[in-house]
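First the structure, in the form of structure tokens, and then the observations on it.
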Amino acid sequence: MLKILQFGNLRRVGFVLNGGIAGGKRVINSGGKVLGLNGKTLIFTTPAGTVTFSDTGGTGLSMADIIAEIVGTGGLSGLKPGFSDGYLNVIETTPTNGVVLAGTGTANAAFGFGKSTVTGLVYDPPGGSAPRMVGGIQVRAQLDGYYVLVEPA
Amino acid sequence: MISTLLAADLYIMQDLINGAIFGGRKAVGTTGKVLGLHGKTLVFNDPLIPANPLGTVTFDNPGGAGLTPEEINDQIHDVGNPGPFPLAIYMVTFADRTARLIEITPTNGILLKGTSTASPVFGFGKEDVATVIYNPFDGVAPRVIGVQPTVEMDSYYATVELP
């Protein structure tokens with residue numbers, strides 16, 4: 001089957017085509033911190049590792065704290081987490097397999113990931129094998145974003 | 001043979017190249033329900049062997065209060081009854097109150113018979129409707145060669161090769 005992916009900007013195109021996943025919830029509060037994460041988990045299956053957030057004082061974790069806990073205590077050095085407009089983005093440091101996040105992590109809801117497995121795909125170029133792009137990156141008719149025709153599998 | 005498909009937006013285009021059948025009328029009323037389905041049918045044949053029946057759903061709504069999209073899909077999927085469930089591969093979605101019938105996992109396309117008495121309710125037409133799943137540009141026909149905005153920049157077209 002073919003699918004049409006749509007994006008607001010080119011940075012997002014590159015992120016998704018290289019297997020990145022993003023939370024659906026803007027998590028940073030006015031104090032610049034995320035509250036309520038202590039003891040909650042994000043369970044990555046590709047690359048494999050679980051981060052259990054630590055915020056024993058309950059004062060909240062900054063974006064830098066969250067990034068450090070994912071790659072540090074979570075042992076997920078193969079991941080490059082970051083934030084874009086308050087949304088958590090996670091991509092492999094070297095895009096290879098795509099990031100896969102289990103639906104069972106107790107911190108999923110906090111970041112807007114939901115209860116289903118979230119699977120990032122690293123797309124090949126048009127001459128490669130699926131998942132692959134089936135054409136180039138195109139500008140939307142409304143000139144407000146981009147789209148790519150892909151073959152996911 | 002080269003042809004083109006035209007779609008108002010990319011979501012419609014995606015469903016079009018994945019074998020959806022589009023209703024031609026606003027089937028969902030202001031109550032959020034589709035009226036007039038009781039006793040009416042959608043009749044499906046196997047798109048790979050068009051003479052072979054695949055299954056028929058006969059909608060049940062004796063009170064006539066109408067069926068929600070969820071109830072319509074439950075009846076297509078025969079939820080709550082013993083299997084087999086040959087039509088569980090299909091689903092109806094509604095966009096702007098207009099029905100869109102599609103395979104949940106696009107595989108073979110859909111063959112909806114013109115004898116379906118519920119077709120006029122959804123605006124699916126009175127003739128047999130057969131759809132196909134388009135392959136990528138380097139596959140066999142039917143295949144999509146490319147998807148581009150129209151020159152008016154208000155919609156999209158796909159250049160396709162038909163068998």
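Sequence lines set the chain letters: A, B, ... in the order given, protein chains first and strands last, and positions in each chain run from 1. Atom set for the values below is all heavy atoms of this structure, side chains included, hydrogens, waters and symmetry mates excluded.
A:T106 and A:T41 form a side-chain donor-acceptor contact under 3.5 Å, judged by distance and modelled atom types alone.
Of the residues listed (A:V118, A:I21, A:N89), the one engaging A:V99 in a side-chain contact (heavy atoms from CB on, under 4.5 Å) is A:I21, and it is the only one.
Of the atoms belonging to B:S155, it is backbone heavy atoms, and not side-chain ones, that fall under 4.5 Å from chain A. For chain B, the nearby part of A:V139 is the backbone; its heavy atoms alone come within less than 4.5 Å. Residue contact with chain B, scored on non-hydrogen atoms closer than 4.5 Å, involves the backbone and the side chain of A:L2 alike. Contacts between B:L10 and chain A at a heavy-atom distance below 4.5 Å involve backbone atoms as well as side-chain atoms. B:Q148 touches chain A through backbone and side chain together, each having a heavy atom under 4.5 Å away. For chain A, no part of B:D15 is nearby; none of its heavy atoms comes within less than 4.5 Å. Of the atoms belonging to B:N18, it is side-chain heavy atoms, and not backbone ones, that fall under 4.5 Å from chain A.
Between B:D9 and A:R140 there is no salt bridge, since no side-chain N of the basic residue sits under 4.0 Å from a carboxylate O of the acidic one.
For the pair B:D78 (side chain) and B:D74 (backbone), a donor-acceptor distance under 3.5 Å is absent.
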Trace of the ring pair (Phe, Tyr, Trp, His ring centres under 6.0 Å) decision for B:Y156 with A:Y147
CA-CA 11 Å; B:Y156 298 87; A:Y147 67 95; 5.4 Å; yes
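At a threshold of 4.5 Å between non-hydrogen side-chain atoms, the residues B:I102 and B:Y90 do not count as touching.
The greatest number of non-hydrogen atom pairs below 4.5 Å with chain A, out of B:P149, B:G139, B:P136, is found for B:P136.
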